K.L.:
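This is the structure I have questions about; it appears just below.
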2 protein chains.
Amino acid sequence: MFKFTRRTEYALIAMRHLQSKSMSEITTTKEISDQYAIPFEILSKVLQSLAKVKIIKPVYGPNGGYIIKQNLSNISLWDFLEIMEGPLGLADCFIDSDCTQLDNCNIRTPIQQINNKMKTILTKMTVSDVTL
Amino acid sequence: MFKFTRRTEYALIAMRHLQSKSMSEITTTKEISDQYAIPFEILSKVLQSLAKVKIIKPVYGPNGGYIIKQNLSNISLWDFLEIMEGPLGLADCFIDSDCTQLDNCNIRTPIQQINNKMKTILTKMTVSDVTL
DNA sequence: TTATACCCGACACTTAAAGTCGTATTTATG
DNA sequence: CATAAATACGACTTTAAGTGTCGGGTATAA
């Protein structure tokens with residue numbers, strides 16, 4: 001449990017880098033990939049997925065690259081992590097909710113309380129808490 | 001990120017089950033494995049590792065099984081999770097601390113703050129918050 | 001002595017993350 | 001309008017971690 005995936009790390013690094021630029025500056029995948037020693041192809045896909053959810057904006061053609069949406073303070077960290085890694089939860093039953101042995105399970109309730117505490121923290125924080 | 005391993009779930013289920021028994025009652029691996037549909041061999045190993053760190057006490061021979069240490073309120077959830085899953089941290093640099101590109105990394109500090117918040121929650125809670 | 005329970009290392013299987021490759025699309029520029 | 005530079009994307013391979021299996025070993029009550 002409890003570790004960001006590389007994709008998530010790459011995304012946060014890239015977003016912070018993009019955020020440090022002025023609104024009109026365009027940054028290429030290669031620039032970021034070089035500066036932080038991130039495999040180019042992987043970073044490409046990460047940035048593509050960020051573009052897909054409109055967190056960053058692609059600019060095609062020569063001298064192209066990406067621009068970031070400047071205000072990321074309206075995206076909670078929880079939501080962002082779910083974008084990057086899929087649905088979050090301490091156990092499957094908080095995600096799919098079709099655990100075959102829910103009847104027998106004796107720890108669902110206490111774990112749900114822990115789950116909620118974690119969720120609260122991550123929901124109160126925003127992406128810009130990391131990138132700004 | 002963010003999901004208990006099966007081993008951890010099995011351990012918590014078993015511990016809660018053991019905790020519900022009186023101090024003198026002995027519970028076998030098979031009883032738990034049957035009741036919660038947990039593969040016997042896996043559960044065996046989980047219980048063995050709990051015995052190794054003295055959280056439960058093995059009783060050998062026929063009519064043997066396990067007894068739990070009744071007071072688990074002195075073991076924090078954080079410590080317990082590290083027993084089950086190894087060192088915890090949102091990123092490797094909070095575990096090994098030999099990340100080759102620490103110099104370049106632009107997100108270590110903000111992530112460390114999140115890491116600390118999570119750690120605080122899990123350190124304040126104890127195993128008996130789940131098993132009792 | 002035997003049956004029953006825990007102990008444990010070595011191995012196989014499964015799955016998800018990580019990384020690679022080839023190709024298509026968009027567009028600024030000479 | 002041809003070209004080069006950038007993003008877009010699906011299919012594939014590799015890697016690592018978690019999950020599960022197997023075979024034998026140890027302790028002990030009866």
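What you see is a predicted model; the values in this text were computed from it and never measured. Here is how names work: the chains are called A, B, and so on, in the same order as the sequence lines, proteins then strands, and each is numbered from 1.
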K.L.:
Sort me out a list of protein N/O and nucleotides 20-23 of chain D N/O pairs below 3.5 Å, or just none if empty.
P.N.:
unit_1 : atom_1 : unit_2  : atom_2 : d
D:dG20 : OP2    : B:Tyr10 : OH     : 3.3
D:dT21 : O4     : B:Lys45 : NZ     : 3.1

K.L.:
Using heavy-atom distances to pick each residue's nearest nucleotide on DNA chain D, tell me which of B:Tyr60 and A:Asn63 is more 5'.
P.N.:
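Nearest-nucleotide comparison on DNA chain D picks A:Asn63.
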K.L.:
Under 4.0 Å from a heavy atom of chain B: give me the 5'-most and 3'-most nucleotides of DNA chain C that qualify.
P.N.:
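On DNA chain C, the outermost contacted nucleotides are C:dA3 to C:dA10.
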K.L.:
Would you kindly say whether B:Thr8 and B:Thr5 are connected by a side-chain donor-acceptor distance under 3.5 Å?
P.N.:
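A pair is found: one side chain offers a donor N or O, the other an acceptor, under 3.5 Å apart.
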K.L.:
What is the distance from NZ of A:Lys3 to C1' of D:dA16, rounded to the nearest Å?
P.N.:
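Whole-Å distance recorded here is 10 Å.
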K.L.:
Are B:Tyr66 and B:Phe40 connected into the same hydrophobic cluster when the rule is that any two of I, L, V, M, F, W, Y join if their side-chain heavy atoms are below 4.5 Å apart?
P.N.:
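B:Phe40 and B:Tyr66: separate clusters.
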K.L.:
Starting at atom CE of B:Met1, determine the distance to atom P of D:dA17, rounded to an integer number of angstrom.
P.N.:
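Atom CE in B:Met1 sits about 18 Å away from atom P in D:dA17.
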K.L.:
Supply the atom-to-atom distance B:Ile114 CD1 to A:Met125 CE, rounded to the nearest 0.5 angstrom.
P.N.:
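Reported to 0.5 Å precision, the distance equals 4.0 Å.
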K.L.:
Rounded to the Å, how far apart are A:Arg7 CZ and D:dC9 P?
P.N.:
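It works out to 13 Å between those atoms.
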K.L.:
Would you compute the distance between atom NZ of B:Lys124 and atom CH2 of B:Trp78 and round it to the nearest 0.5 angstrom?
P.N.:
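If we round to the nearest 0.5 Å, B:Lys124:NZ and B:Trp78:CH2 are 14.0 Å apart.
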K.L.:
Quick check on DNA chain C: between A:Gly61 and B:Gly61, whose nearest nucleotide comes earlier from the 5' end?
P.N.:
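Its nucleotide being nearer the 5' end, the pick is B:Gly61.
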K.L.:
So, taking the atom named CD1 in B:Ile38 and the one named CZ in B:Arg6, what distance separates them when rounded to the nearest 0.5 Å?
P.N.:
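Those atoms lie 10.5 Å apart.
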K.L.:
Report the distance from atom CD of B:Gln112 to atom SG of B:Cys93, rounding to the nearest 0.5 Å.
P.N.:
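Spacing of CD (B:Gln112) from SG (B:Cys93) equals 7.5 Å.
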K.L.:
How long is the line joining CD1 of B:Ile95 and C1' of D:dA17, in whole Å?
P.N.:
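After rounding, the gap between these two atoms is 14 Å.
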K.L.:
If I take atom CD from residue B:Gln35 and atom OG1 from residue B:Thr27, how far apart are they, to the nearest 0.5 angstrom?
P.N.:
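Going from the CD atom of B:Gln35 to the OG1 atom of B:Thr27 covers 9.5 Å.
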K.L.:
More 5' along DNA chain C: A:Phe4 or B:Gly65, using each one's nearest nucleotide?
P.N.:
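Going by which nucleotide is closer to the 5' end, it is B:Gly65.
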K.L.:
Which part of the nucleic acid does A:Gly64 contact within heavy-atom distance under 4.0 Å: base, sugar-phosphate only, or nothing?
P.N.:
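Sugar-phosphate, no base atom in range.
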K.L.:
Working to the nearest 0.5 angstrom, can you tell me the gap between B:Lys3 NZ and A:Asp92 CG?
P.N.:
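Spacing of NZ (B:Lys3) from CG (A:Asp92) equals 4.0 Å.
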K.L.:
Any carboxylate oxygen within less than 4.0 angstrom of a Lys/Arg side-chain nitrogen, looking at A:Glu9 and B:Arg108?
P.N.:
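No.
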K.L.:
Could you tell me whether the side chain of A:Glu85 and the main chain of A:Glu82 form a donor-acceptor pair under 3.5 Å?
P.N.:
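Not a single qualifying donor-acceptor pair exists.
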K.L.:
Within the 3.5 Å criterion, strictly below it, is a donor on B:Ser128 or B:Thr131 matched to an acceptor on the partner's side chain?
P.N.:
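Note: B:Ser128 and B:Thr131 side chains miss the donor-acceptor criterion.
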K.L.:
Does anything in residues 20-32 of chain A reach DNA chain D, meaning a heavy atom under 4.0 Å, and if so which residues?
P.N.:
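Heavy-atom contacts with DNA chain D come from A:Thr28, A:Thr29.
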